[in-house]
Amino acid sequence: MAETAYHHGGAFPHTRMRRNRRAQWSRRLIAENRLGVDDLIWPLFVIDGDGRREPVASMPGVERLSCDLLVETIAEAADLGLPAVALFPYVAPERKTPDAREAVNPDNLICRAVRTVKAVYPDMGVICDVALDPFNSDGHDGLVRDGVILNDETVDLLCRQAVVQAQAGCDIIAPSDMMDGRVGAIRSALDGAGLTDVQILAYAAKFASAFYGPFRDAVGSSGALKGDKKTYQMDPGNGDEALREVALDIAEGADMVMVKPGLPYLDVVWRVKEAFGVPTFAYHVSGEYAMWKAAANHGWLDNDRALLESLIGFKRAGADGILTYAAVEAARLLAKG
Ligand code: PBG
């Protein structure tokens, strides 16, 4: 082939990747992914009482809040434009039973919190977990008999839990329990109760992770938990199985799916988004938050830069949104520009 003056192949020195990076305006032009406030969901912990605020020791900056303070706290999230919050209850130990019956009490803490938040912020999306662990004296997401986590009996209860939460005003029901068949059963239960517009965000690929430790402190289930969750949550080494889980949840009617934890599982986020193209969320979980905050508080990491870099990583992997305890912190940084 004849050499031409303009054909030199792609190699150095003709190609210099640094040219595009030289000036800030140019870096802005070539940016492939952006993080915005629309991408962030803020998980919050609720406790009984009035004017109560309890720090979660393993999650610096995170507190359990009573409903009145929850409403005050969400004001900033609403001002910053966060689309949604996810609420989790800290259930007093005396209300936890082996049949987890408090989960289906329409006046339980989580339902009261949802009603309170929706009354003040009707335009804020409210997401609730569906799983028995905060209410179960065994600390498991399902009912336990003779050391076995029961699937079908648990699903019946999860359906009732979903319906009471949706009736309280919850917009998105998020089953985090990893029982088989629960998404379809919950969809039918919601529809049967006339709640056809309530969305389902399935914790579809949820791994049996050490990174949930601080969350279990926050909701007070770590002391109660007997054994581990490996008979229902996934093996951290499995990626193909995650795709099967997601396929099933979509077939059963999930409106959105989630991968959890986040940063150690971004390959799974990528594969899910590529394979299904459905709204895909990832959970930057409590242990990831704890690692980042611990290092930042020691001065070992730059707090703000490490946060924004972690969150843009989720976007690059294809996540449509991120659940993060740092949602408001991130939104403040984004607002500053
Ligand atoms: C409960 C639930 C867990 C999380 C969300 N929902 C913990 C678990 O499955 O043990 C973890 C969230 C986090 O670590 O931030 N089913």
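Order of listing sets the numbers, starting from 1, for every ligand and every atom in it.
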Just jot down the ligand 1 atoms closer than 4.0 angstrom to any heavy atom of [X], in number order.
{"X": "Phe211", "answer": "14 (O)"}
{"X": "Gln233", "answer": "8 (C), 9 (O)"}
{"X": "Arg216", "answer": "8 (C), 10 (O)"}
{"X": "Tyr283", "answer": "12 (C), 15 (O)"}

- Message: For the residue pair Lys206 and Tyr283, would you count it as a cation-pi contact if the rule is NZ or CZ under 6.0 angstrom from the ring centre and within 45 degrees of the ring axis?
- Response: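 No, cation not above the ring by the 6.0 Å, 45° rule.
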Task: Gln233 and Asp228, any side-chain heavy atoms less than 4.5 Å apart - done: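 No, their side chains stay 4.5 Å or more apart.
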Gap separating the [atom1] atom of [X] from the [atom2] atom of [Y], nearest 0.5 angstrom:
{"X": "Ile186", "Y": "Met179", "atom1": "CD1", "atom2": "CE", "value": "11.0 Å"}
{"X": "Tyr212", "Y": "Leu225", "atom1": "OH", "atom2": "CG", "value": "13.0 Å"}
{"X": "Ile41", "Y": "His284", "atom1": "CD1", "atom2": "NE2", "value": "14.0 Å"}
{"X": "Cys128", "Y": "Leu87", "atom1": "SG", "atom2": "CG", "value": "5.5 Å"}

Review point. Hey, is Ala131 touching ligand 1 through its side chain, its backbone, both or neither, going by heavy atoms under 4.0 Å?
Key: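 Ala131 to ligand 1: side-chain contact only, backbone stays beyond 4.0 Å.
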Return the closest protein heavy atom for [atom] as residue, atom name and distance.
{"atom": "atom 5 (C) of ligand 1", "result": "Lys260 NZ, 2.6 Å"}
{"atom": "atom 9 (O) of ligand 1", "result": "Lys206 NZ, 2.6 Å"}
{"atom": "atom 1 (C) of ligand 1", "result": "Asp133 OD2, 2.8 Å"}
{"atom": "atom 8 (C) of ligand 1", "result": "Lys229 NZ, 3.3 Å"}
{"atom": "atom 6 (N) of ligand 1", "result": "Asp129 OD2, 2.8 Å"}
{"atom": "atom 14 (O) of ligand 1", "result": "Ser286 OG, 2.7 Å"}
{"atom": "atom 15 (O) of ligand 1", "result": "Tyr325 OH, 2.5 Å"}
{"atom": "atom 12 (C) of ligand 1", "result": "Phe215 CD1, 3.3 Å"}

- Item | Minimum heavy-atom distance between Arg187 and Leu195, given as atom pair plus value |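 Heavy-atom minimum between the residues: NH2-O, 3.2 Å.
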Contact with ligand 1 for [X], non-hydrogen, under 4.0 angstrom:
{"X": "Tyr289", "result": "no"}
{"X": "Glu288", "result": "no"}
{"X": "His284", "result": "no"}
{"X": "Met178", "result": "no"}
{"X": "Asp177", "result": "no"}

| said: Set out, in order, the CA-CA distance, both residues' side-chain angles and the distance that settles side-chain contact (heavy atoms from CB on, under 4.5 Å) for Val71 and Tyr121, then state yes or no. | reply: CA-CA 9 Å; Val71 164; Tyr121 306 103; 4.1 Å; yes
* For the residue pair Tyr325 and Phe45, is the inter-centroid distance of their aromatic rings smaller than 6.0 Å? ->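 Yes; Phe45 has its ring centre under 6.0 Å from that of Tyr325.
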Q: Output, in order, the C-alpha distance, side-chain angles, deciding distance and verdict of side-chain contact (heavy atoms from CB on, under 4.5 Å) for Val219 and Val91.
A: CA-CA 7 Å; Val219 300; Val91 178; over 6 Å; no
Using side-chain contact (heavy atoms from CB on, under 4.5 Å), reason through Ile173 and Gln161 one step at a time and then give a plain yes or no. CA-CA 10 Å; Ile173 291 294; Gln161 183 185 19; over 6 Å; no
